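This report concerns only the one structure given below.
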Amino acid sequence: MSPPNLQYKKPKSLLNRALGFLEDYTHTLNPYGGCAFGCSYCYVRGMPVAAFREEAWGAWVDVKQGAGELLRRELVRAAAKGPVRIFMSSSTDPYQPAEHRERVTRSLLEAMADAPPDFLFVQTRSPLVTRDIDLLLQMGPRVRVSMTIETDLEEVRRVFSPAAPPIAARLKALARLKEAGVPVQAAVAPVLPSSERLPALLRPVTDRVVVDDFEMGDGSGGRRTRRLGLEPLYAQLGMTEWHSPHAWRTVYERLRACYREDELKISRSGFAP
Ligand code: SF4
């Protein structure tokens, strides 16, 4: 897989109003435009931000320059109007490979550690998040890191999101975050085919799990995802029985063997502040 085409942009604003599925938040925050993980099921690939680009989703990344300083100013203005609850990120992964060098997300966390919002939710599938444990700890209970673990099967991960980090590395990262005292959860979202081992893998590394699927979680009742035409990927794996609106229940019931009901969340409630 070739590296994405990086472009450097100076945004005029960073905090966007949170809408729809994320209405429990006041703002969304995206350190990058585009996402090099390029997951097959990513509904952002069909949204205007991606649809009007000539390059394929996953092949381009816009690096937002000056983001830390801009956010500092925006946080002051937002806090003057009321509570500030931020979801990072809604249309990119804040810890995609470019973050190793560009450190945009880290600059945003530095700004938020100095002037903490009322709540910050960090959604990622990258172990790189552990680099920022020092800053995350400064936000105490006002932050939660949600690590995507859509499956425990590497062959499934490789078919649906070949550029994303391996599942074992994500589990290890969750363990490190939890051990350090950062509030965490695993997001089995979107539910992909998985094995009966998944609950036992999650139990030691997180006390909280959210389960979500394409129907409940893509913000359009599954329409956006259906347009992506994912059926052939299930067929390629010989796992078409998982291409079903009921698949999430299978996973949820398996998790019930290891988790109390109050530790398990479904769809939007698991992503709420
Ligand atoms: S990591 Fe998230 S934003 Fe990036 S391609 Fe995958 S689903 Fe989309």
Side-chain angles (χ1 to χ4, degrees), residues 1-7 14 16 18-22 25 28-53 55-64 86-100 102 104-105 108 121-130 144-151 154 156-167 169-171 173-174 185-192 210-220 222-230 233 248 267-268 270-271:
M1 207 151 302
S2 44
N5 175 17
L6 286 194
Q7 288 189 18
L14 285 169
N16 283 312
L19 300 166
F21 191 81
L22 297 177
Y25 291 85
T28 60
L29 177 58
N30 289 286
Y32 298 90
C35 183
F37 288 150
C39 309
S40 61
Y41 51 72
C42 182
Y43 60 77
V44 184
R45 60 172 65 235
M47 294 173 85
V49 60
F52 296 120
R53 298 284 285 234
E55 297 160 289
W57 180 247
W60 58 273
V61 173
D62 293 343
V63 181
K64 298 187 182 178
I86 298 176
F87 188 96
M88 180 172 84
S89 295
S90 55
S91 61
T92 190
D93 191 308
Y95 289 100
Q96 62 181 293
E99 175 62 16
H100 279 281
E102 303 298 341
V104 180
T105 300
L108 299 177
F121 189 94
V122 180
Q123 180 63 50
T124 185
R125 66 199 64 216
S126 170
L128 179 56
V129 62
T130 57
R144 180 180 306 283
V145 175
S146 177
M147 179 69 70
T148 303
I149 315 265
E150 341 75 312
T151 176
E154 269 301 285
V156 172
R157 199 270 309 158
R158 277 195 292 268
V159 165
F160 281 88
S161 56
I167 300 299
R170 302 186 210 176
L171 289 166
L174 258 183
Q185 74 172 12
V188 186
V191 161
L192 294 182
V210 56
V211 179
D212 201 4
D213 74 353
F214 299 125
E215 298 277 324
M216 299 184 283
D218 79 347
S220 70
R223 275 194 314 281
R224 281 173 178 161
T225 309
R226 278 194 286 280
R227 282 201 289 270
L228 299 175
L230 299 174
L233 299 184
W248 74 268
S267 194
R268 182 171 162 176
F271 296 97

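A quick note: this is a predicted structure, and the numbers were derived from the prediction, not measured. In listed order, ligands and their atoms are each counted from 1.
Under a 4.0 Å criterion applied to the non-hydrogen atoms of Trp57, ligand 1 contributes the atoms 5 (S). Proximity to Gly38 (heavy-atom distance under 4.0 Å) selects the following atoms of ligand 1: 5 (S). Atoms of ligand 1 lying under 4.0 Å from at least one heavy atom of Phe37, given by number and element, are 1 (S).
Residue Arg45 does not touch ligand 1, judged by heavy-atom distances below 4.0 Å.
The protein heavy-atom contact nearest to atom 4 (Fe) of ligand 1 is Cys35 SG, 2.3 Å. Ranking the protein heavy atoms by distance from atom 5 (S) of ligand 1 puts Cys39 N, 3.2 Å first. Looking at atom 1 (S) of ligand 1, its nearest protein heavy atom turns out to be Arg125 NE, 3.2 Å.
Smallest separation of non-hydrogen atoms from Trp60 and Ala50: CZ2-CA, 4.0 Å. The shortest heavy-atom contact between Ala173 and Pro127 is CB-CA, 3.7 Å.
Ligand 1 lies nowhere less than 4.0 angstrom from a heavy atom belonging to Tyr43. Within the structure, the closest approach of Thr92 to ligand 1 falls below 4.0 Å when heavy atoms are considered.
Contact check on Asp62 versus Arg53 returns a salt bridge, with a Lys/Arg side-chain nitrogen under 4.0 Å from an Asp/Glu carboxylate oxygen.
Counting heavy atoms from C-beta on, the side chains of Glu99 and Asp93 never come closer than 4.5 Å. Using a 4.5 Å heavy-atom threshold, the side chains of Met88 and Thr28 count as separate.
With hydrogens and angles left out, the side-chain atoms of Thr148 and Gln123 include a donor and acceptor closer than 3.5 Å.
Note on Cys42: counted as a metal contact of atom 8 (Fe) of ligand 1, an N/O/S atom lying under 2.8 Å.
For Glu150, the salt bridge (Lys or Arg N to Asp or Glu O under 4.0 Å) partners are Arg125, Arg170, not counting sequence neighbours.
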